[in-house]
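As structure tokens, the structure follows; a few thoughts come after it.
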Amino acid sequence: MATPSTGTTNADAPDTNNKLQRKLGARHLNMIAMGGAIGTGLLVASGGSISQAGPGGALAAYAAIGFMVYLLMQSLGEMSTWLPTAGSFESWATRWVSPSFGFATGWNYWFNWAITLAAEIVAVALVMRYWFPTVESWVWSALFLTVLFVINAFTVKGFGETEFYLATVKVVTVIVFLILGVAMIFGLMSQPSPGFENWTIGDAPFVNGWMGWFSIMMIAGFSFQGTELLAVAAGEAEEPERTIPKAIRTVFFRITLFYIGAIAVIGFLLPYTDPHLLASDIQDVSVSPFTLIFERAGVIGTATLMNAVVLTAILSAGNSGMYASSRMLYSMAKSGKAPRIFAKVNRRGVPMPALLATTAIGAFAFLTSLIGDGAAYLWLVTVSGLSGFIVWAGVAWSHYRFRKAFTAQGHDPSELPFRSKLFPLGPVIALIMVLAVIFGQNMEIFSGLFNVGAIFSTYVGLIVFLLLWAGHKIVTKSKMVDPKTADLSRTDD
């Protein structure tokens, strides 16, 4: 086993010798994790969750997914402090599960964020139409793709600073929303308090039974995706043994407070039968539950304000997508799972070939000028559908295998810089919950309706992942990693 180290030597020399530079501080990591999870899923689509499952059903679903994310963050904390590398999920899966599983996991994650980048660039054009309805969509796509590329092309600290401020806007918006919402619930504003009225009307608080609740768990899962960015950023974090645990401990509770708090406020102030909630759409922020409640609180210019916040959320997601996918491609190239050209790093510590390849995928957004904004956006999101959940399943499985290897090679858990709570139940429960969400994506199957086209479009991401896994295994004849010989060294060189 290699001599343990914190892995902080990457930033020692100006010429990085094909290595990334550790320039992300604790405040960057906190906001990267929080900003990655606060997006249009909360700001716009949360109203649809309440209309579908009722305030009680939506609250229970987000709480369940929040618990699952807590378990996954614990797993991330343990592995990313032991092996803080930009390859994260791919490196862990390769070392502790199997090379083929690592291969499929790495390409799946790269694809997920590269396509997310393209989808967000399309979404930018939809949002900008609010202010400039006559400007061609491709103009905004080209402009913002260029801006994101420039941000990521200088140094990793440029990405970190940008993400810090973009995430700050979203966090402040949610905090103000919660303060005003609670004041309205307790009748401290000009209008009377609705009390528990919206929790008792119609079929509230639980609408559409367990099917409504379970379907919202899927939506909640998509909303929470992005918290795992912390593991990728660990590869360029200053003092990862100190900063990662701190971020893990604080970020989860803040994110959960924001989501559960926001859902509760919306549930109290807006009835699930409100037609605006049914029409939640990124193209019309006037129907966002945040906009509706800000208007009732008397905030001036709420539609314009929320459009600006949604724009911030989209740029943040695109910024994160460009960063995460370029780092994963770089890591896979270093380990021989992608062309070696992508392992090159310039003198500023930026994997420029990988960044350029990711930007080229983002250019897919230009198709919007040919096939229509809405169609392009929905198609791109559908293609990457389950990728994030597959990564989460890999995190849980890799953590279970890591701890087995750790003890099989004579180590004691007390040696770990960060020790996950609830092991072994934590990763096992998280894995079961993630798999349930994955296979429950198409609920029509369980209701007796069988549509081959719909099923394929839903599970195409899972199918591609399994083909990558099986194909690599057939070609390389790789086997499961033996816990007694698993690589527990703390460097990714």
Side-chain angles (χ1 to χ4, degrees), residues 2 5-25 28-29 32 80 83-95 102-103 105-107 109-114 116-117 145-164 228-241 243-244 318-363 487 489-493:
S5 70
T6 60
T8 58
T9 59
N10 287 4
D12 290 348
D15 183 354
T16 60
N17 190 27
N18 278 1
K19 289 185 179 180
L20 304 176
Q21 297 181 11
R22 294 189 176 276
K23 293 187 176 181
L24 295 177
H28 298 126
L29 297 178
I32 286 170
S80 59
L83 181 62
T85 170
S88 51
F89 322 111
E90 176 266 324
S91 299
W92 305 334
T94 297
R95 288 183 178 214
F103 176 84
T105 297
W107 280 109
Y109 194 71
W110 174 81
F111 174 79
N112 176 39
W113 276 108
T116 296
L117 168 62
L145 181 61
T146 302
V147 169
L148 294 178
F149 173 79
V150 171
I151 289 172
N152 282 267
F154 281 99
T155 65
V156 67
K157 195 167 185 178
F159 157 77
E161 288 294 333
T162 302
E163 193 58 28
F164 175 83
E228 79 286 341
L229 281 168
L230 193 62
V232 178
E236 294 170 273
E238 299 173 347
E239 302 180 77
E241 288 189 6
T243 55
I244 297 297
N319 194 35
S320 297
M322 184 169 283
Y323 171 78
S325 53
S326 63
R327 267 46 177 190
M328 185 57 68
L329 187 57
Y330 156 82
S331 181
M332 288 191 295
K334 282 190 64 177
S335 62
K337 298 182 182 70
R340 292 293 297 176
I341 183 65
F342 297 124
K344 291 186 176 182
V345 175
N346 65 20
R347 62 185 179 84
R348 297 186 301 275
V350 176
M352 190 58 69
L355 183 62
L356 287 169
T358 298
T359 304
I361 296 298
D487 183 2
S489 61
R490 301 184 66 187
T491 174
D492 61 343
D493 292 339

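Index from 1, following the sequence. Note that this is a predicted model, so its numbers are computed, not measured. Hydrogens, waters and symmetry mates play no part in the numbers below; they use all other heavy atoms, side chains included.
- Looking at every heavy atom in both residues, R22 comes nearest to P240 through NH1-CG, 3.9 Å.
- Under the 4.5 Å side-chain criterion, counting only non-hydrogen atoms from C-beta, W92 is in contact with S80.
- Y109 has its side chain out of reach of E90: every pair of non-hydrogen atoms, C-beta onward, lies at least 4.5 Å apart.
- Taken to the nearest 0.5 Å, the CH2 atom of W107 stands 11.0 Å off from the NZ atom of K337.
- Here the closest non-hydrogen pair linking L329 and A338 is CD1-CB, 4.0 Å.
- Rounding to the nearest 0.5 angstrom, the gap separating the CZ atom in F159 from the CG atom in N319 is 5.5 Å.
- When every heavy atom of A343 is checked against every heavy atom of A333, the shortest pair comes out as N-CB, 3.4 Å.
- A distance of 13.0 Å separates NZ in K344 from CE in M352, rounded to the nearest 0.5 Å.
- Of the inter-residue distances, the one linking I361 atom CD1 with S326 atom OG reads 12.5 Å to the nearest 0.5 angstrom.
- Among L145, T116, I151, the one residue that satisfies the side chain to side chain contact (heavy atoms under 4.5 Å, CB included) test with M322 is L145.
- Between Y323 and T358, every side-chain heavy-atom pair lies at or beyond the 4.5 Å cut-off.
- Minimum interatomic distance between R340 and G336 (heavy atoms only, all atoms of both residues): NH1-N, 4.5 Å.
- By the 4.5 Å heavy-atom criterion applied to side chains, P351 and L20 are counted as neighbours.
- S489 contributes atom OG, which lies 7.0 Å from atom CG of L83 (distance to the nearest 0.5 angstrom).
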> Yes or no on side chain to side chain contact (heavy atoms under 4.5 Å, CB included) for V350 and N152, after CA distance, side-chain angles and deciding distance?
Replying inline: CA-CA 8 Å; V350 176; N152 282 267; over 6 Å; no
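- Of the possible polar contacts, one joining the R348 side chain to the F154 backbone as a donor-acceptor pair under 3.5 Å is found.
- Scanning all heavy atoms of the two residues, the minimum distance from W110 to S325 falls at CD1-O, 2.9 Å.
- Across every non-hydrogen atom of S331 and G87, the tightest pair is OG-CA, 2.9 Å.
- Checking K157, Q21, K23, R327 one by one against E236, the side chain to side chain donor-acceptor pair (under 3.5 Å) holds for a single residue, R327.
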>> Is there a side chain to side chain contact (heavy atoms under 4.5 Å, CB included) between V232 and F89? Walk through the geometry before answering.
In response: CA-CA 8 Å; V232 178; F89 322 111; 3.8 Å; yes
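- In this structure, the side chains of W113 and M328 stay at 4.5 Å or more apart for every pair of heavy atoms.
- L24 contributes atom CG, which lies 6.0 Å from atom CG of L29 (distance to the nearest 0.5 angstrom).
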